[in-house]
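Positions are given from 1, in the same order as the sequence printed here. This one's a predicted model, so the numbers in the text were calculated from it and none came from an experiment. Side-chain atoms are counted along with the backbone in the values below, which use heavy atoms only and exclude waters and symmetry mates.
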Amino acid sequence: MRARRAELIAISVDPPEKSSQLAAKLGIDFPLLADLDRSTVRAYGVEDAENGVAWPAIFILAPDGTIRWRSLAETYKERPTSEVILDALAGAGL
């Protein structure tokens with residue numbers, strides 16, 4: 001990711017303590033941000049208000065904040081591969 005000058009950040013509606021525990025368990029070394037008021041998930045249209053969570057999503061943003069690519073899923077079990085994401089980065093011109 002860094003070779004493409006991209007930064008990976010995860011945003012969750014979970015409290016920071018829970019995200020920290022998950023990061024430690026999975027060996028995650030990128031930032032996990034907390035969106036406790038769900039303003040970010042609402043802004044990106046991925047709020048599952050009925051269940052109090054966010055729909056699984058991946059966004060590639062340009063430096064100006066415009067969305068260049070996105071992957072939306074109904075379950076956390078549906079995720080694009082790293083290869084698909086890296087191809088999307090290349091296709092986004094980033």
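The shortest side-chain heavy-atom distance between L33 and D35 does not fall under the 4.5 Å cut-off.
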Query raised in the report: Could you go step by step and tell me if L61 and I67 meet the side-chain contact (heavy atoms from CB on, under 4.5 Å) rule?
Result: CA-CA 5 Å; L61 305 178; I67 297 171; 3.6 Å; yes

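When hydrophobic clusters are built by joining Ile, Leu, Val, Met, Phe, Trp and Tyr residues whose side-chain heavy atoms come closer than 4.5 Å, directly or via intermediates, I60 is not grouped with I9. A chain of hydrophobic side-chain contacts below 4.5 Å, direct or via other Ile, Leu, Val, Met, Phe, Trp or Tyr residues, connects L89 to I58.
Side-chain contacts under 4.5 Å among hydrophobic residues (ILVMFWY), followed directly or transitively, place L36 with no other residue at all.
Closest non-hydrogen pair, V53 versus R38, comes out as N-NE, 4.3 Å.
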For residues 70-85, tabulate all N or O donor-acceptor pairs below 3.5 Å that involve a side-chain atom, not counting sequence neighbours.
residue, atom, partner, partner atom, Å
T75, OG1, K77, N, 3.3
R79, NE, Y76, O, 3.1
T81, OG1, V84, N, 3.2

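For residues 13-28, the set of pairs meeting the side chain to side chain donor-acceptor pair (under 3.5 Å) definition, not counting sequence neighbours, comprises S12-D14. Note on residues 57-66: pairs passing side chain to side chain donor-acceptor pair (under 3.5 Å), not counting sequence neighbours, are D64-T66. Evaluation of the ring pair (Phe, Tyr, Trp, His ring centres under 6.0 Å) test over residues 29-71, restricted to residues two or more places apart or in two chains, returns Y44-F59.
Residues meeting the salt bridge (Lys or Arg N to Asp or Glu O under 4.0 Å) test with R42, sequence neighbours left out: E47.
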